[in-house]
Amino acid sequence: MAELRLIAPCHFGVEAVLKREITQLGYEIERVEDGRVTFLGDENAICRANVFLRTAERIMLQAGRFRAVTYDELFESVKKLPWERYIPENGKFWVKKASSVKSKLFSPSDIQRIVKKAIVERLKTQYDVTWFEEDGAEYPIRVFLHKDEVVVALDTTGESLHKRGYRKRISKAPISETLAAALILLTPWNKNRILVDPFCGCGTFPIEAALIAANIAPGMNRAFTAENWTNFIDKKLWYAAADEAYDQINEDINVDIQGYDLDSEMVEFARQNAEDAGVAQFIHFQQRDVANLSHSKKYGFIITNPPYGERLNERESLQTIYRTFGEQYQKLDAWSAFIITSYENAEKDFGLKATKNRKIYNGMIKTYFYQFMGPKPPKRG
């Protein structure tokens, strides 16, 4: 199999988690940049990365990386790339997205047009044709320009990897599945520790935690664009990745994962989503106000995405919510709390100074992941 450069975009601020995931899959990291990790792999890595990675947004196959400050340079550099290696004569290809940051070439539509034209010209000479039917498998292309460096890549994933397939019912401002998984993996939580989300909404944090606890690969029950790239990815590799994922599932676990929400409809949504994810047996959902947050055991974890104004008509109510949340948290015995929010007075109203906080972009919203670390449980003799 050929060595390929694969690019995995992620939320800004969680690159370290994604890097660790890729390394654990057995692949070599080539570079880490804001919002993406590039690694080396083969055709098998495309399949396994799509199936197993919890924190990547998609997996892209890098066709080329070069510098361009004029459209002529862009055209000639794209034309030199070996597109025939990836796109068959009947392949349907188009530039799905182009983005430009701090670059002389800044018009997405012009970039898309030039790149498409260059690929057509390359394939015309390689296949000795003047017209492409484009009635075969789809090969979407993405182009990124940053400080005049151009990265051209094929999108192997299709619909973003945060679309696990289980979340058919959502709340007004849900956290994405990939970001929820990344935030859980940023904490010391493991399946032997209690986890409570007191603002669970449609259940994303508890469900992602249960998937991690049972070692259920997030991409097991969905399709990927590159499954149809049979010209250079053998279908057997996709079946092998699925078999590997099934073999690693461990449902013989005893976990304490709970999700609360004040809205009874959200609680029902969360239950149904957990059912669809195949983890309903691991999670207890309950309608409960944060004012009633309590637990009899020690050393638990709270990981949550409380309201932060984007989804509330009355921002004035935030102060009360965070104050009540903080008061109840401080009554818990030796617990740790991890809170993602853009609410600027979160620490002040929560009533505690965070042990640590990390800037995370939740979509276009700048948020902070506040970490309030409790004591570690004593080691068992």
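When a residue number appears, it is its place in the shown sequence, counting from 1.
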Group every Ile, Leu, Val, Met, Phe, Trp and Tyr by side-chain heavy-atom contacts under 4.5 Å, then state whether L81 and L6 land in the same group.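 Cluster IDs for L81 and L6 match.
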Any salt bridge (charged side-chain N to carboxylate O under 4.0 Å, His left out) pairs touching residues 70-81, not counting sequence neighbours?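 Found none.
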[X] vs [Y] side-chain heavy atoms within contact, under 4.5 Å:
| X | Y | result |
| --- | --- | --- |
| H295 | L332 | yes |
| R31 | R65 | yes |
| D256 | L195 | no |

Only counting residues at least two apart or in another chain, list the ones meeting side chain to side chain donor-acceptor pair (under 3.5 Å) with Y27.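 With neighbours one apart ignored, the set is R48.
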Tell me, please, which residues at least two apart from T341 pass side chain to side chain donor-acceptor pair (under 3.5 Å).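 Listed in chain order: Y322.
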Would you mind checking if E30 and K19 are paired as a salt bridge, meaning a charged N to carboxylate O distance below 4.0 Å?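 Judged by the 4.0 Å cut-off on N to carboxylate O distance, K19 and E30 do not form a salt bridge.
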Charged N to carboxylate O below 4.0 Å: is that the case for R164 and E208?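 Judged by the 4.0 Å cut-off on N to carboxylate O distance, R164 and E208 do form a salt bridge.
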What closest approach, in Å, do [X] and [Y] show between heavy atoms, and which atom pair accounts for it?
| X | Y | value |
| --- | --- | --- |
| G201 | A270 | O-CB, 3.7 Å |
| Q330 | G351 | NE2-O, 4.0 Å |
| R85 | L4 | NH2-CD2, 3.2 Å |

In terms of ring plane angle, is the pair [X] and [Y] parallel, tilted or perpendicular, where the classes change at 30° and 60°?
| X | Y | value |
| --- | --- | --- |
| F325 | F199 | perpendicular |
| W238 | F224 | parallel |
| W83 | Y86 | perpendicular |

Side chain to side chain donor-acceptor pair (under 3.5 Å) between H146 and S99: does it pass, once the steps are laid out? CA-CA 8 Å; H146 182 250; S99 64; over 6 Å; no
Only one of Y368, F372, F301 passes ring pair (Phe, Tyr, Trp, His ring centres under 6.0 Å) with F338; say which it is.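 Going through the options one by one, the only one that passes is F301.
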Ring centroid separation for W229 and Y139, is it under 6.0 angstrom?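 Close enough - the centres of the two rings lie under 6.0 Å apart.
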Are the aromatic ring centres of F350 and Y329 under 6.0 angstrom apart?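 Yes, ring centres under 6.0 Å apart.
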Side chains of [X] and [Y]: is there a donor and an acceptor less than 3.5 Å apart?
| X | Y | result |
| --- | --- | --- |
| N362 | T367 | no |
| N50 | T156 | yes |
| Y299 | D333 | no |
| E57 | T178 | yes |

Would you sort out whether K168 and D276 count as a side-chain contact (heavy atoms from CB on, under 4.5 Å), showing the intermediate values? CA-CA 9 Å; K168 300 179 180 69; D276 290 343; 3.5 Å; yes
Can you list everything that forms a salt bridge (charged side-chain N to carboxylate O under 4.0 Å, His left out) with R122? Sequence neighbours excluded, please.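 Here the qualifying residues are E84.
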Partners passing salt bridge (charged side-chain N to carboxylate O under 4.0 Å, His left out) against R58 (at least two apart in sequence or in another chain):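 Result, salt bridge (charged side-chain N to carboxylate O under 4.0 Å, His left out) vs R58: D155.
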Can you confirm whether more than 12 heavy atoms, excluding those of N254, are under 6.0 Å from its CG atom?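 No, not enclosed.
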Charged tip of K92 within 45° of W94 ring normal and under 6.0 Å: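 Geometry flag: set, cation within 6.0 Å and 45°.
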Sequence neighbours excluded and cut-off under 3.5 Å, please list the side-chain donor-acceptor pairs for residues 113-121, or say none.
from: R113; atom 1: NH2; to: D110; atom 2: OD1; distance (Å): 3.3
from: K116; atom 1: NZ; to: F93; atom 2: O; distance (Å): 2.6
from: K116; atom 1: NZ; to: E134; atom 2: OE2; distance (Å): 3.1
from: E121; atom 1: OE2; to: K124; atom 2: NZ; distance (Å): 3.4

